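Below is one structure, written out as structure tokens; comments come after it.
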Number of protein chains: 4
Amino acid sequence: MSGNGIGMLFRLTTFGESHGAALGGVVEGCPAGLPLCEADLQGDLDRRRPGQNRFTTGRREPDQVRILSGVFEGVTTGTPIGLMIENTDQRSRDYSAIQELFRPGHADYVYWRKHGVRDYRGGGRASARETAMRVAGGAVARKLLATVGVRIRGALIAMGEERIDRSGWDWDQVELNPFFSPDAGAVERFAALLDGVRNAGDSVGAMLEVVASGVGVGWGEPVFDRLDADLAKALMSVNAVKGVEIGSGMEMGSGRGSQLADEMFPDGQGGVTFGSNHAGGILGGMSTGQEIVARVALKPTSSIRIPRRTVDVTGQAREVVTEGRHDPCVGIRAVPVVEAMVALTLADHWLRWRSREGWRL
Amino acid sequence: MSGNGIGMLFRLTTFGESHGAALGGVVEGCPAGLPLCEADLQGDLDRRRPGQNRFTTGRREPDQVRILSGVFEGVTTGTPIGLMIENTDQRSRDYSAIQELFRPGHADYVYWRKHGVRDYRGGGRASARETAMRVAGGAVARKLLATVGVRIRGALIAMGEERIDRSGWDWDQVELNPFFSPDAGAVERFAALLDGVRNAGDSVGAMLEVVASGVGVGWGEPVFDRLDADLAKALMSVNAVKGVEIGSGMEMGSGRGSQLADEMFPDGQGGVTFGSNHAGGILGGMSTGQEIVARVALKPTSSIRIPRRTVDVTGQAREVVTEGRHDPCVGIRAVPVVEAMVALTLADHWLRWRSREGWRL
Amino acid sequence: MSGNGIGMLFRLTTFGESHGAALGGVVEGCPAGLPLCEADLQGDLDRRRPGQNRFTTGRREPDQVRILSGVFEGVTTGTPIGLMIENTDQRSRDYSAIQELFRPGHADYVYWRKHGVRDYRGGGRASARETAMRVAGGAVARKLLATVGVRIRGALIAMGEERIDRSGWDWDQVELNPFFSPDAGAVERFAALLDGVRNAGDSVGAMLEVVASGVGVGWGEPVFDRLDADLAKALMSVNAVKGVEIGSGMEMGSGRGSQLADEMFPDGQGGVTFGSNHAGGILGGMSTGQEIVARVALKPTSSIRIPRRTVDVTGQAREVVTEGRHDPCVGIRAVPVVEAMVALTLADHWLRWRSREGWRL
Amino acid sequence: MSGNGIGMLFRLTTFGESHGAALGGVVEGCPAGLPLCEADLQGDLDRRRPGQNRFTTGRREPDQVRILSGVFEGVTTGTPIGLMIENTDQRSRDYSAIQELFRPGHADYVYWRKHGVRDYRGGGRASARETAMRVAGGAVARKLLATVGVRIRGALIAMGEERIDRSGWDWDQVELNPFFSPDAGAVERFAALLDGVRNAGDSVGAMLEVVASGVGVGWGEPVFDRLDADLAKALMSVNAVKGVEIGSGMEMGSGRGSQLADEMFPDGQGGVTFGSNHAGGILGGMSTGQEIVARVALKPTSSIRIPRRTVDVTGQAREVVTEGRHDPCVGIRAVPVVEAMVALTLADHWLRWRSREGWRL
């Protein structure tokens with residue numbers, strides 16, 4: 001396959017299977033002179049790391065990232081930044097039971113049909129483990145964007161039938177609970193729901209929201225490489241994501257123009273302020289200067305202990321039960337991943353914007 | 001700006017402003033030997049054309065497409081297919097009233113901030129008129145895909161608070177009513193809603209669904225160029241689209257793995273059949289062989305007669321009323337557009353699939 | 001085929017066959033605010049136009065270019081610039097004699113083998129006529145680069161066994177003779193040579209040199225997208241070009257490091273000056289600030305009146321004589337074409353440079 | 001910088017500095033099912049490795065490559081192939097003397113001007129050491145192409161003023177002498193020349209030729225992504241290359257059409273044979289089925305012991321002498337590198353060809 005890279009000017013290319021020797025990534029396009037060290041990446045990786053509480057998989061993945069190139073004497077040199085995480089916890093025997101089976105809702109059937117071979121160990125390239133490199137690369141983008149005042153934060157806003165109360169939104173809460181919930185009041189409900197799901201051997205979906213503040217006006221390139229289009233691609237490319245919304249999203253379909261167009265006012269300093277943000281900070285594919293708001297829905301993982309009907313590689317009807325250490329809600333650990341995808345997309349479009357704007361002929 | 005092209009192997013590049021001399025497009029990558037003539041394109045263009053009934057803009061845009069290259073003696077030659085639609089109805093005076101104003105919810109403010117100049121005539125490049133070339137290019141993709149049995153159909157499934165009854169879904173109805181509704185029973189409700197919206201000088205959003213049947217197994221390239229990620233980009237790039245769903249979409253976020261993973265069964269002929277299609281025909285970013293199902297929400301157009309508060313180019317507070325001939329529901333005419341975007345994306349991934357699969361080393 | 005576009009940020013995509021309805025092009029990435037009109041493009045097109053003297057083909061191609069989009073009130077708007085030249089002199093009957101034959105040294109055999117169909121009229125897409133759009137697009141790049149002081153000039157330095165005397169180089173002479181010769185003393189020799197070649201029904205090759213001055217330091221991106229690598233691609237993509245040199249070029253292979261490395265000296269103003277320019281203004285794939293110097297060799301055209309042995313579409317041995325109006329030396333009119341390719345490449349790399357350099361974190 | 005990847009469908013992305021932790025590469029697009037192991041790559045790496053005889057640098061670089069992903073149970077899985085070579089011989093102190101100086105003819109000056117920082121240890125990213133990953137990636141391409149009968153071989157044909165006698169060309173000789181000379185008779189002359197150059201503390205240029213046999217008809221995509229254009233880019237991107245020729249190359253500029261167009265004849269088996277190969281196997285940017293022949297000239301390395309005038313980072317006039325272990329003729333070890341670049345380019349165009357050809361609608 002190709003398609004292992006994303007971005008035009010700021011570009012991340014990744015490789016690596018769940019149970020191979022290592023995960024790797026290459027970050028191209030980071031300008032020279034940015035202070036960068038492994039600790040800058042490790043912070044986000046640790047937020048994504050499993051095994052930190054009872055609500056995520058029991059696998060232990062230290063996910064220690066190494067910077068192999070592109071940094072010299074503490075700053076980026078402009079050359080590509082090579083990243084690697086060695087796989088240390090490769091209990092392949094966990095998966096031998098399903099070597100001949102296809103899990104319903106899992107990619108292994110299509111990998112096998114597409115390629116004729118497949119790495120059945122832990123999902124191979126289709127494993128959520130692949131997202132570790134997105135987080136590492138996204139951390140570089142995040143640090144770059146911080147130099148121009150851009151901040152990217154994500155949160156879990158729903159799990160199964162439980163939703164946060166948006167009136168209780170507090171960004172500071174996000175890092176204080178195991179669900180990345182911005183609403184402290186929802187944490188107990190999420191915990192109860194998830195305990196029930198796990199005990200039942202089931203899994204549950206989730207909804208996440210990402211907000212980027214500090215983005216300038218005019219990032220994004222109509223017609224096809226719109227900022228929202230590239231965000232949609234970046235977010236939909238994350239494992240398990242099945243829906244992407246910008247601003248008011250799907251609700252736009254049932255509203256009126258007189259309610260949903262964000263009115264504009266002088267801000268008293270020569271600029272413009274908006275009366276609302278239904279557009280999610282993007283009009284005509286370009287940033288408006290408001291906060292950029294995106295939401296995604298992640299499906300429940302297909303690796304569950306409840307028996308499911310399926311077929312095996314010989315085409316026979318079978319029943320499959322996925323034992324092993326799986327997250328009952330993959331959406332939780334996806335918060336740093338969707339932040340990373342937004343960071344990568346914004347870094348790319350910031351460079352694209354710089355190439356032609358911010359000056360006049 | 002760059003970003004006026006979409007697709008890697010099957011690629012459409014477009015140009016042209018709403019009130020410029022012409023709209024144009026270049027289709028690259030169509031294999032040689034495909035029978036093609038202007039009538040093949042005109043059919044879809046006519047479905048998108050305004051002025052055909054009281055529910056769309058009164059503008060008359062004959063939208064007569066010319067093939068300028070790439071076809072010889074009735075078949076494609078493998079060279080790029082140049083397309084052009086001359087703009088014939090350029091009543092620029094309709095827009096002079098808003099030359100100094102920014103419409104809330106419209107891209108003209110960000111164009112002006114991004115570039116320092118803007119073509120204020122009818123939205124320029126940001127006009128929905130730009131989508132005509134998507135439809136023309138998509139028609140080539142559609143005809144190419146038909147040679148391998150792929151069929152792409154779209155429908156309007158909701159407008160404002162009105163929804164179709166999915167039990168009444170009949171594809172044959174779609175072309176028989178002005179709303180592309182697959183449910184004949186909803187037509188009267190849509191008509192009443194839209195008459196009310198138009199009389200109020202307002203606009204209304206809509207939801208569309210697109211279904212592709214006949215797609216083989218394994219189209220799409222993990223990790224970043226997933227079929228669903230590329231569909232999300234293609235669909236989100238359409239004017240006014242603010243949300244994209246694949247299969248069960250946003251509802252996945254509230255479900256259980258035991259309900260939402262599509263079980264698999266032997267089909268009795270050596271193949272596989274699925275018990276449901278929550279995945280929308282895509283797993284791990286690759287097609288499963290089921291129908292591919294995508295949904296989009298389009299916001300109500302920002303060009304309305306109800307007064308809205310805004311600013312002008314000097315930063316002063318103003319009120320804007322958009323007179324002129326605007327669709328009260330841009331979602332209706334977007335049906336052929338979203339079909340085209342799906343066709344373009346599938347054609348590209350079919351060629352990508354062909355490059356490496358369908359044979360064995 | 002794909003591959004009809006060149007450039008990442010400043011990008012030209014072209015379409016059109018020699019005897020089709022029109023040639024077209026799309027220029028993406030030109031920043032907004034550049035004054036541009038059709039006359040800016042027509043100047044270079046006229047330099048390339050045939051039929052202006054006895055040394056080029058007698059075909060009359062007015063090559064009147066139209067700008068269809070991207071320019072409003074005399075300046076570029078940042079949107080893609082659509083270009084079109086209608087084909088007016090389509091004497092298809094000139095070519096009917098060779099409809100069944102493949103010309104040795106011409107692309108029609110491989111087109112036919114690759115695609116199974118071919119447009120046999122005048123070479124179709126393989127005609128040198130395709131280069132008109134390169135010149136038109138290159139003129140936009142040239143005007144953009146002029147805003148930062150870059151100037152691109154080309155000249156013919158050899159034809160067959162005749163060479164210019166470099167000591168007589170005078171750029172002002174280039175536009176004063178029909179050969180683009182910078183050496184007035186060589187004009188008579190070129191004329192005599194070419195008259196002999198034409199009378200013999202033969203054709204002759206040529207060598208061209210292009211020089212770009214005013215390029216800043218550091219344009220070009222190692223490792224693969226080096227400035228010289230992209231220039232080599234751009235120049236080798238021109239019809240009939242079979243060799244590309246940068247600076248001292250092929251002679252570098254026989255020299256010594258002590259002679260060929262360009263020494264550096266303080267320029268007395270805080271900068272650097274070089275003692276020579278064997279590198280042709282490019283080191284490590286990046287511009288040094290010196291003049292960029294490239295050379296190409298063009299083969300003699302394969303369309304000649306001297307009989308040649310070949311095969312026909314049924315595989316039978318035949319003899320072919322190409323009557324009609326062909327340039328005996330295609331290298332002459334290629335001067336504006338190679339200038340255009342250098343301009344397109346530099347404009348792209350200037351934007352790439354701007355995206356990350358010219359500022360500090 | 002971006003630009004660290006080459007190829008559209010078969011793509012190599014590299015990272016790593018001469019004296020960093022490691023060199024790395026990602027090979028995307030290799031079809032599944034190709035038998036592959038590290039020994040397949042090591043063979044070509046060993047041919048490029050320094051320190052094997054007195055004619056190359058005395059540095060010891062074991063260049064042991066590891067495959068980190070994309071191969072399972074001995075065959076490729078279709079996922080990206082991650083490659084790594086750890087740097088083991090990092091004698092940074094060798095370079096401390098030139099930390100403040102720019103070597104004439106070397107890229108360090110432009111790196112410093114472009115980025116404001118530079119990794120002065122051994123040339124950093126500009127070191128010839130970067131080419132090791134090209135060789136590793138090229139070895140994958142080579143093995144893939146072998147499945148359809150393509151073979152790629154390179155040779156040194158000139159060094160300084162010494163040239164091989166083409167009548168003595170014997171491919172078997174190439175691996176039997178330290179110069180990759182196909183002419184056994186030239187080896188002694190090359191040795192004498194190089195001993196003299198090294199003793200003088202100087203360096204010398206070289207010319208290489210690469211031949212690909214077994215390539216089908218019609219690989220390559222006009223207009224801009226011609227096979228010869230992409231080969232020119234790939235070859236010119238190799239360190240020190242300053243000129244690229246296809247077939248008769250620069251000599252085409254002085255010839256006649258009646259001599260240089262390769263005549264065609266029936267081959268008696270329904271196909272075609274050519275009377276000569278001045279075109280180097282490429283017409284109109286597409287392969288003809290003949291051998292593809294390319295030639296490059298490499299400049300002498302700028303790292304020499306003869307004193308050269310230069311400036312330092314403060315702009316002061318200085319003299320520089322490059323001590324340390326440098327190849328007196330970098331062209332020798334470049335043979336496997338240019339083979340790799342041809343292999344990468346052909347693998348990419350073979351996949352591009354497969355995507356649309358080799359079948360009929």
Side-chain angles (χ1 to χ4, degrees), chain A residues 1 3-4 6 104-105 107 110 113-114 126 158 160-161 202-207 217-218 221 223-226 228-229 232-233 236-237 242-246 249-250 252-258 261-264 266 270 272 283-284 286 288 297 299-300 302 304 306 308-311 315 317, chain B residues 1 3-4 6 104-105 107 110 113-114 126 158 160-161 202-207 217-218 221 223-226 228-229 232-233 236-237 242-246 249-250 252-258 261-264 266 270 272 283-284 286 288 297 299-300 302 304 306 308-311 315 317:
Chain A
M1 82 187 67
N4 298 282
I6 193 162
V110 279
R113 283 287 303 273
K114 183 183 180 81
E161 57 277 13
D202 209 344
S203 61
V204 66
M207 285 191 61
V217 183
E221 306 217 45
V223 169
F224 294 114
D225 291 356
R226 291 170 189 239
D228 42 1
K233 172 170 178 163
M236 193 69 94
S237 80
K242 299 301 280 189
V244 178
E245 297 182 309
I246 303 293
M250 303 305 289
M252 285 287 206
S254 48
R256 294 293 186 282
S258 54
D262 306 308
E263 291 186 306
M264 302 165 73
V272 158
L283 287 174
M286 296 171 286
T288 63
K299 67 175 183 181
S302 55
I304 56 178
I306 297 175
R308 303 287 289 161
R309 288 170 296 177
T310 188
V311 298
Chain B
M1 78 184 71
N4 297 280
I6 194 163
V110 279
R113 282 288 302 273
K114 183 183 180 79
E161 57 277 14
D202 209 344
S203 62
V204 67
M207 286 191 60
V217 182
E221 306 216 47
V223 172
F224 295 116
D225 292 355
R226 291 171 189 239
D228 41 2
K233 171 169 178 165
M236 193 69 93
S237 79
K242 299 300 281 189
V244 178
E245 299 182 310
I246 303 293
M250 302 306 289
M252 286 287 207
S254 49
R256 294 292 187 282
S258 54
D262 307 306
E263 292 187 306
M264 301 164 74
V272 159
L283 287 173
M286 296 170 287
T288 63
K299 68 176 182 180
S302 55
I304 56 177
I306 296 175
R308 303 287 289 160
R309 288 171 296 177
T310 189
V311 297

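Naming: A, B, ... by sequence-line order, numbering from 1 per chain. Everything quoted here is computed from the prediction, not taken from an experiment.
Listed options B:Gly105, B:Ser258, B:Gly249 were ranked by heavy-atom pairs under 4.5 angstrom with chain A; first place goes to B:Ser258. Of the listed residues (B:Leu283, B:Val272, B:Asp262), the one with the most heavy-atom contacts under 4.5 Å to chain A is B:Leu283. Most heavy-atom pairs under 4.5 Å with chain A: of the set B:Pro300, B:Ala107, B:Ala206, this distinction falls to B:Pro300. By number of non-hydrogen pairs under 4.5 angstrom with chain B, the leading residue of A:Ala317, A:Ala261, A:Ser302, A:Ala158 is A:Ala261. In terms of non-hydrogen atom pairs under 4.5 Å with chain B, the most contact-rich of A:Gly270, A:Ser203, A:Gly315 is A:Ser203. Comparing B:Lys242, B:Met207, B:Arg226 by how many heavy-atom pairs each has under 4.5 Å with chain A, the most go to B:Lys242. When each of A:Gly284, A:Pro104, A:Ala126 is scored by its heavy-atom pairs under 4.5 Å with chain B, the top score falls to A:Pro104. Interface check for chain B: of the options A:Asp202, A:Asp228, A:Ile304, the most heavy-atom pairs under 4.5 Å are formed by A:Asp202. Put simply, of B:Gly255, B:Ala229, B:Ala297, B:Gly218, the one with the most heavy-atom pairs under 4.5 Å next to chain A is B:Ala229. No other option in A:Glu263, A:Met250, A:Glu161 has as many heavy-atom pairs under 4.5 Å with chain B as A:Glu263. Ranking A:Val204, A:Val244, A:Thr310, A:Thr288 against chain B, the residue ahead of the rest is A:Val244, based on heavy-atom pairs under 4.5 Å.
Separating the CE atom in B:Met286 from the CZ atom in A:Arg113 is a distance of 12.0 Å, to the nearest 0.5 Å.
Listed by chain and residue number, B:Arg134 satisfy the side chain to side chain donor-acceptor pair (under 3.5 Å) test with B:Ser237 (two or more places apart in sequence, or in another chain).
The contact between B:Ile6 and chain A is made by backbone and side chain atoms together, counting heavy-atom distances below 4.5 Å. For A:Val217, the part lying under 4.5 angstrom from a heavy atom of chain B is the side chain only.
Closest approach of A:Ala232 to B:Lys233, counting heavy atoms only: CB-N, 4.5 Å.
Within the 3.5 Å criterion, the main-chain N or O of B:Gly243 finds no donor-acceptor partner in the side chain of A:Glu245.
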